[in-house]
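Have a look at the structure below, then the notes.
Nothing here was measured: the structure is a model prediction, and the numbers come from that model.
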Amino acid sequence: MTEASGDRTEAAGGRKIAVLGEMLELGDGAVEAHREIGRFAAKSGVDLVIGVGGDLAKQLVLTAGSAGVPDIALVGDNATAAAYLESILRPGDVVLIKASRGGQLWQIAQALTGQPVTSL
């Protein structure tokens with residue numbers, strides 16, 4: 001997310017939504033790294049953080065909420081994330097989808113754009 005922040009599209013009247021999966025293989029610093037991304041989302045003015053995954057995604061989402069992100073959600077898998085997004089997206093919303101490759105979050109973008117959903 002920090003790399004994407006330098007070249008992001010501002011929402012034209014819509015919400016900024018970050019769909020964030022777990023960053024895999026971080027080792028001992030994994031929990032704090034996920035919390036830092038939650039804080040960064042709040043600092044960046046994200047309106048909704050959707051965490052995809054398990055305990056690490058939960059840490060990210062809870063920290064984002066505590067740091068000031070107005071709306072947070074936690075889902076267990078990509079299909080649920082896509083379904084949730086389809087139910088809440090409005091014209092003008094901007095969505096960032098980011099995770100480790102192993103999370104396969106591209107599946108969410110594929111589902112939202114009507115493409116066949118692929119995996120590794």
Side-chain angles (χ1 to χ4, degrees):
M1 188 163 161
T2 56
E3 290 177 22
S5 66
D7 186 28
R8 66 176 185 203
T9 302
E10 293 296 325
R15 298 168 295 174
K16 293 183 230 175
I17 300 171
V19 181
L20 304 171
E22 296 177 327
M23 299 176 286
L24 305 174
E25 302 174 1
L26 291 180
D28 293 341
V31 171
E32 183 52 35
H34 285 81
R35 289 176 179 160
E36 181 58 30
I37 294 300
R39 288 187 288 271
F40 183 79
K43 181 179 167 186
S44 299
V46 172
D47 300 301
L48 166 62
V49 170
I50 302 170
V52 182
D55 291 338
L56 292 172
K58 183 177 181 179
Q59 291 297 316
L60 190 158
V61 167
L62 290 176
T63 302
S66 294
V69 172
D71 292 310
I72 57 172
L74 179 64
V75 298
D77 58 64
N78 295 340
T80 304
Y84 177 62
L85 278 166
E86 283 181 345
S87 74
I88 64 154
L89 281 178
R90 301 187 298 235
D93 287 348
V94 175
V95 180
L96 168 73
I97 299 174
K98 182 71 177 116
S100 290
R101 187 166 187 255
Q104 303 183 59
L105 264 61
W106 65 78
Q107 294 174 339
I108 299 167
Q110 288 173 326
L112 291 174
T113 57
Q115 299 175 42
V117 176
T118 62
S119 61
L120 290 173

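- Among residues two or more places apart in sequence or in another chain, the side-chain hydrogen bond (donor to acceptor under 3.5 Å, both in side chains) test is passed with Gln104 by Gln107.
- For the pair Leu24 and Ser100, the tightest heavy-atom approach, listed with the atom from each and the gap, is N-OG, 2.8 Å.
- Every side-chain contact (heavy atoms from CB on, under 4.5 Å) that Thr113 has, sequence neighbours left out, goes to Gln115.
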List, one per line, each side-chain donor-acceptor pair under 3.5 Å for residues 26-34, sequence neighbours excluded.
residue: Glu32; atom: OE2; partner: Arg39; partner atom: NH2; Å: 2.3
residue: His34; atom: ND1; partner: Ala30; partner atom: O; Å: 2.7
residue: His34; atom: NE2; partner: Met23; partner atom: N; Å: 2.8

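- Hydrophobic clustering, defined by side-chain heavy atoms of Ile, Leu, Val, Met, Phe, Trp and Tyr closer than 4.5 Å, groups Leu89 together with Ile17, Val19, Leu48, Ile50, Val52, Val75, Tyr84, Leu85, Ile88, Val95, Ile97, Leu105, Ile108, Leu112.
- In this view, Lys43 satisfies the side-chain contact (heavy atoms from CB on, under 4.5 Å) rule with no residue, not counting sequence neighbours.
- For the side chain to side chain donor-acceptor pair (under 3.5 Å) condition, the pairs that include at least one residue of residues 48-73, sequence neighbours left out, are Arg35-Gln59.
- Contact detail for Ala57 and Gly51: the closest heavy-atom pair is CB-C, 4.1 Å.
- Looking at Leu20, Ile72, Leu74 one by one, the single match for side chain to side chain contact (heavy atoms under 4.5 Å, CB included) with Leu60 turns out to be Leu20.
- Closest non-hydrogen pair, Ala82 versus Ala111, comes out as CB-CB, 3.8 Å.
- Going from atom CG of Asp47 over to atom NZ of Lys16 covers 6.5 Å, rounded to the nearest 0.5 Å.
- For Asp93 (side chain) and Gly14 (main-chain N/O), no donor-acceptor pair under 3.5 Å exists by modelled atom type.
- Remark: Asp77 pairs with Thr80 by the side-chain hydrogen bond (donor to acceptor under 3.5 Å, both in side chains) rule, at least two apart or across chains.
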